[in-house]
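Side-chain atoms are counted along with the backbone in the values below, which use heavy atoms only and exclude waters and symmetry mates.
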Amino acid sequence: MQLTAQAPARPRPVGRRDTDGMAVASFVLGLVGLLVMNVFLGPVAIVLAGLALWRGTTRRGRALLGLGLGVADLVVLAALVAADGTFSWSIAG
């Protein structure tokens with residue numbers, strides 16, 4: 001009976017998984033930022049998307065969506081500030 005040694009399985013690099021997580025997080029934060037706290041979530045989404053793209057994420061489309069939504073958050077914030085002159089807004093008007 002002959003025993004053969006198998007090469008150990010190579011784990012996926014942690015850095016790649018982190019960048020994929022950053023891409024997804026930027027998408028989610030950008031999406032949530034359209035509704036609440038866009039002054040904070042918009043820039044965070046932009047930074048996370050930029051880092052994910054710079055590090056070479058496999059979820060490039062998700063990172064680009066997060067980048068676009070982060071920019072949209074800031075556009076919505078600018079429109080709201082221009083409309084009533086404050087950083088706060090309410091549905092009641």
Self-check item: CG on L74 to CD1 on I46, rounded to 0.5 Å
Solution: 4.5 Å

Quiz item: Which atom names give the shortest non-hydrogen contact between F27 and L65, and what distance separates them?
Solution: CD1-CB, 3.8 Å

Practice problem: Compare every heavy atom of G33 with every heavy atom of N38, then report the nearest pair and how far apart it is. | Solution: CB-O, 2.9 Å

Practice problem: State, to 0.1 Å, how close A25 and L48 come at their nearest heavy-atom pair, and which atoms those are. | Solution: CB-CD1, 4.0 Å

Quiz prompt | Heavy-atom closest contact (G30 atom, A45 atom, distance) | solution = N-CB, 3.7 Å

Quiz item: Between atom OG1 of T19 and atom CG of L51, what is the distance when rounded to the nearest 0.5 Å?
Solution: 10.0 Å

Quiz item: Checking D73 side chain against P43 main chain: does a donor-acceptor pair fall under 3.5 Å?
Solution: no

Exercise. Please test T57 against M22 for side chain to side chain contact (heavy atoms under 4.5 Å, CB included), starting from the C-alpha separation and ending with a verdict.
Key: CA-CA 9 Å; T57 182; M22 280 189 240; over 6 Å; no

Quiz item: Where do A23 and A52 come nearest, in terms of heavy atoms and distance?
Solution: N-CB, 3.8 Å

Quiz item: What distance do L35 atom CG and L41 atom CG have between them, rounded to the nearest 0.5 Å?
Solution: 10.0 Å

